[in-house]
Each structure stands twice: as structure tokens, then as C-alpha cells.
Novice: 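Shown below is the structure under consideration.
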Amino acid sequence: MALHFLKADVVFPVTSQPIQEGILVVDDCGKIHEVIDPFIQKEKYQNILSREDLHTISGALVPGFINAHCHLELSHLKGKISMGTGLPEFLRAVTKIRQADHDEIQQAMADAVDEMKSEGIVAVGDISNGADSLEIKSANDFKWHTFIEVFDLHPDFADERFIKAKALELDFINKGLSASIVPHANYTVSSKLASLIIKHAMQSNGNLSVHNQETPSEDLFFLEGTGQLSDFLYATGKYDYFKPSGKSAIHAFLSSIAEMQQILLVHNTFTTAEDVRFSLKHFRKLYWCLCPKANLYIENEAPPLRLLLDAGARVVIGTDSLSSNDRLSVIDELRLLNRQNPDITFSDLLHLATIVPAQFFGWENELGSFDTGKTPGVIQLIDNSGGQFKKANTLNVAKRHF
């Protein structure tokens, strides 16, 4: 099997320090054989420089990105929901307009997958409410984990909703796809439905995911039963049984979760320092997903990245859906986080889109870094200006002739 020698301005192995003028050695199947540092492996480096098949690349080389939170099924809603409405109005709009022609939905999803590929994404944690994405996922060479998302506000329908979710989970698994059943949010499932989902996750060792503290009125709803989100939920006519817990949204949710359950908390836009301290003290397998462009799109707020990192939280990156974003690009999300947090280096931000989500999904033996034996994808970041990488380009080493 042929080896390819790729020299770049900088190579980011992720699990070790960036290497200026480094050389990445990769085979036809994309397997990493070695990363060569010119300051440590001087003789080997000089020998490779004289090879006729050395391929010099402008910019940086990084492992493929992992999009930890996406709603592929909503791709046909791109540009159809106004920015800055706040979450309750956004949810109302999605509920009202998400139904569409089957072919339109399929084409929008196919276009979205193509866009993610072109942006250097190699794996996705995707929310699904039905089977619309099943065929495109089974026919695609991405690595997928599908969160089968369930919601119903009335406890009388909990068993019915859960049985349907289990059947859908099995459909994905029978196609060779990883899947688990999750609640949409703490406020969109009855306590009975939440219990069924959590018990199933514990029995099947399935990853949980939940939308968390995406709007200020979410905490208000759990603390007092008031606010814009409360008004939206009570307008459904199915919330008469709810009683405020007097706790913040994250406290209310985690109080029903086993300490060792692995959970992805998504958005966290309005999570406080006290919430973070409580969560990290009592729960060992929490991961915090930030979708900065969607946060701006819906609530015009930046997520608390610095707060989370300073507390030692494990943070990952998602794009959310095209109903709340103009593109599905992890590099765009990283660039926005860099502008919002200029003191955090690109090298540190890169961990949030590679090795940390790989660990959450159990993909760390294949993806997330340029460690020997992995096949993480090789991504070229070009047009670097002051640390701001503007474009990602997937290098398909199995097909590209150097």
C-alpha cells in the first residue's frame, strides 16, 4: 500500500503540540503512519524533503471534524425562520412549517451532507424525529450517531411515544447505524416519558443528549412556572400537571439521572457558574455542546465557553440545523468562538471539534487526532490570516493523486 507524504505550514496532531513545517505520513486508506517533526527527527525529515513524491500543502493539516449536534431532518428549513425571535417563537415556527414534500426533504439533506463533507466534517451526532434520514445515512460514508429524539408533554402518551422510539432505534441499528433514544428537552417530555428514556439509556448503555438552558425563560419555567417558554408550553393544552421544581432547568433534569450516565448537554447558552459547579461536582460523564452560530441566530447570545473551560468541563461543537444556521461548518463555529474568545488559541479550540467529541461517541480509536493507526480524515485549512482559518478542504488520500 502506497504511502503519501504531506508537508504543511503547520500540522495539528491534536494529542500533541502543533508542528511547524511538519510532515504527515498517511496511506491510501487514510491511515496515519507517522507525524514527523523537523526539530526532533531531523535526519528523517531531511531525507523526506528530497523525495519526488513529497506533496507540499499551503496552510494547516488537521484531523477531520466531528459535528456533535445537528438536525439533518430540518435542512429544508434553511432561510425560512427569522433570526432573533427567541427560542419559544423559533419552536413555534419549526412546528408550524417543518412538514414538506418528501423529495424536498431528501434533496435538502443530501445537499447538507455534501456541504458538511466539503467543510471537513467526517462524523456527526444527529437528531432524528423520524426515519427521513435513515437511507441517506446508511448510504453515506460519514460516521453517524443518531439521537432518536422524543417529545410529548402529556403522560398518557408516554408509553406510545416510547414504543415508537424503540422501533425507530431498531430501524437504525438494523442498518448498521449507531443510535440511542433521547428527550428533546426537560420541558418537552412528561416525567413518565423521561423516566422511560433514562431507564432505557441505562440498560442499553446509550448516550443521552438533551437541549439545555437555550433561553432565559427555561430556568424561569422550572423555578416559577412563568415566562415566555411557559406561555408557549401551556398554550399546547397539555401542561396542566406540571409543578415548578424551584430548581434551575439543569438541576431539575440531572436530579433524575444516574451519576455515571454519559450525557451531552446541548446549547447551554444561559448556563450559570453555579450550574456548572453543581453539575461537574455530581456527574462524572457530562459533555457540553456549544452551537455558537445557532445561539446568535435564535437568541443573539454567545455561549459561555470560557466559563466552561475554566471549570474543567468537556466541551464539544455542533452546528445545530439549517433552520438556525446559514451553513453546516464546524470551522465556521470555531472561527466565531475565536472571535468571541480571542484569548483561547486555535489549537485549544481544535480539541473541541476533534478528540473530545470522539471520546464522547466512543470513536477515539479511529477519529479525532493524528495518532498512528487512526483514520481520522485529513483536512487542509487554508487562507490563514492571524490565526483565522477561513476555509476547510477535505484531502481524500484514497482517491487524490499527489
Side-chain angles (χ1 to χ4, degrees), residues 64-137 139-140 142 144-149 151 184-185 188 209 211 214-215 232 266-267 269 289-303 316-337 339-340 353 390-394:
F65 299 123
I66 298 173
N67 183 358
H69 179 77
C70 185
H71 294 255
L72 189 64
E73 289 176 344
L74 301 182
S75 298
H76 62 290
L77 299 183
K78 182 177 181 179
K80 295 183 179 180
I81 300 177
S82 299
M83 297 177 65
T85 65
L87 183 65
E89 287 300 318
F90 177 82
L91 293 174
R92 187 176 286 111
V94 170
T95 302
K96 184 178 180 180
I97 68 172
R98 73 174 293 166
Q99 298 302 319
D101 176 76
H102 173 79
D103 290 343
E104 178 187 352
I105 292 173
Q106 293 298 316
Q107 185 59 58
M109 288 193 297
D111 292 343
V113 169
D114 287 344
E115 179 177 53
M116 285 193 281
K117 283 183 179 180
S118 71
E119 290 297 310
I121 293 170
V122 298
V124 184
D126 187 60
I127 300 288
S128 289
N129 302 121
D132 284 342
S133 66
L134 183 56
E135 292 305 320
I136 196 168
K137 287 174 180 173
N140 193 274
F142 272 19
W144 299 92
H145 179 82
T146 299
F147 297 108
I148 308 298
E149 185 182 77
F151 49 85
H184 164 259
T188 52
S209 166
H211 294 76
E214 197 176 352
T215 179
F232 166 71
V266 181
H267 292 302
T269 323
C289 182
L290 306 182
C291 306
K293 289 183 67 180
N295 299 155
L296 286 180
Y297 196 104
I298 297 173
E299 291 280 355
N300 197 30
E301 288 284 342
V316 300
I317 302 300
T319 63
D320 211 36
S321 76
L322 286 173
S323 65
S324 60
N325 208 332
D326 62 336
R327 300 177 74 223
L328 301 182
S329 169
V330 168
I331 189 63
D332 278 5
E333 306 292 335
L334 295 181
R335 291 177 63 228
L336 177 56
L337 285 174
R339 292 196 297 272
Q340 294 168 343
K390 298 179 181 179
K391 192 177 189 311
N393 179 34
T394 303

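Just so you know, residue 1 is the first one in the sequence shown, and it goes up from there. What's counted below: heavy atoms across the whole structure, side chains too, no hydrogens, waters or symmetry copies. These numbers come from a predicted model, not from an experiment.
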Novice: Where is the tightest heavy-atom contact between Asp320 and Ser324, given as atom of each residue plus distance?
Specialist: OD2-OG, 2.5 Å

Novice: Out of curiosity, Tyr297 OH to Cys291 SG, how far, rounded to the nearest 0.5 Å?
Specialist: 14.5 Å

Novice: Are His267 and Ile298 packed together at the side-chain level, in the sense that at least one heavy-atom pair is separated by less than 4.5 angstrom?
Specialist: no

Novice: Is there a donor-acceptor pair closer than 3.5 Å between any side-chain N or O of Gln106 and the backbone N or O of Asp132?
Specialist: yes

Novice: Check whether any side-chain heavy atom of Lys137 sits under 4.5 Å from a side-chain heavy atom of Asp126, and report yes or no.
Specialist: yes

Novice: Can you list the steps and then say if Arg92 with Thr95 is a side chain to side chain contact (heavy atoms under 4.5 Å, CB included)?
Specialist: CA-CA 5 Å; Arg92 187 176 286 111; Thr95 302; 5.9 Å; no

Novice: Just by distance, no angles: are the side chains of Ser133 and Ser128 close enough, under 3.5 Å, to form a donor-acceptor pair?
Specialist: yes

Novice: Considering only heavy atoms from C-beta outward, does the side chain of His71 approach that of Ser323 to under 4.5 Å?
Specialist: no

Novice: Taking all non-hydrogen atoms of both residues, which atom of Ser329 and which atom of Thr319 are closest, and how far apart?
Specialist: N-CG2, 3.7 Å

Novice: Look up atom NZ in Lys80 and atom CD1 in Ile97, then write down how far apart they are to the nearest 0.5 Å.
Specialist: 6.5 Å

Novice: Would you please classify the geometry between the His211 ring and the His69 ring as parallel, tilted or perpendicular, with 30° and 60° separating the classes?
Specialist: perpendicular

Novice: Over all heavy atoms of both residues, which pair between Leu328 and Ala112 is shortest? Give the atoms and the distance, please.
Specialist: CD1-CB, 3.7 Å

Novice: Is atom CZ of Phe142 surrounded by more than 12 heavy atoms (other residues, nucleotides or ligands) closer than 6.0 Å?
Specialist: yes

Novice: Nearest 0.5 Å, please: how far is CG in Leu91 from OG1 in Thr85?
Specialist: 8.5 Å

Novice: Any side-chain heavy atom of Leu337 sitting closer than 4.5 Å to one from Ile317?
Specialist: yes

Novice: For a 4.5 angstrom cut-off between non-hydrogen side-chain atoms, does Leu296 reach Gln340?
Specialist: yes

Novice: Can you confirm whether Leu74 sits close enough to Arg98 that some side-chain heavy atom of one is under 4.5 Å from a side-chain heavy atom of the other?
Specialist: yes

Novice: Taking it one step at a time, do Met116 and Glu119 satisfy side chain to side chain contact (heavy atoms under 4.5 Å, CB included)?
Specialist: CA-CA 5 Å; Met116 285 193 281; Glu119 290 297 310; 5.7 Å; no

Novice: Ignoring hydrogens, what is the shortest heavy-atom contact between Glu149 and Asn129? Give both atom names and the distance.
Specialist: OE1-ND2, 2.9 Å

Novice: What's the separation between atom NZ in Lys96 and atom CD in Glu89, rounded to the nearest 0.5 Å?
Specialist: 10.0 Å

Novice: For Glu115 and Arg327, indicate whether the former's side chain and the latter's backbone hold a donor-acceptor pair under 3.5 Å.
Specialist: no

Novice: Checking side-chain polar atoms at under 3.5 Å, does Glu333 have a donor or acceptor matched by the opposite partner on Asn325?
Specialist: yes

Novice: Flag the pair Phe147 / Val266 as yes when at least one side-chain heavy-atom distance between them is below 4.5 Å, and no otherwise.
Specialist: no

Novice: Please find the pair of heavy atoms, one from Leu87 and one from Glu299, that lie closest to each other, and give the distance.
Specialist: N-OE2, 2.9 Å

Novice: Would Thr215 and Phe232 count as a side chain to side chain contact (heavy atoms under 4.5 Å, CB included) if you check the C-alpha gap in whole Å, the side-chain angles of each, and the deciding distance to 0.1 Å?
Specialist: CA-CA 13 Å; Thr215 179; Phe232 166 71; over 6 Å; no

Novice: Where is the tightest heavy-atom contact between Gly318 and Cys289, given as atom of each residue plus distance?
Specialist: N-SG, 3.6 Å

Novice: Drop me the distance from Asn67's CG to Leu72's CG, to the nearest 0.5 angstrom.
Specialist: 10.0 Å

Novice: For residues Lys117 and Asn140, determine if any side-chain heavy atom of one lies less than 4.5 Å from a side-chain heavy atom of the other.
Specialist: yes

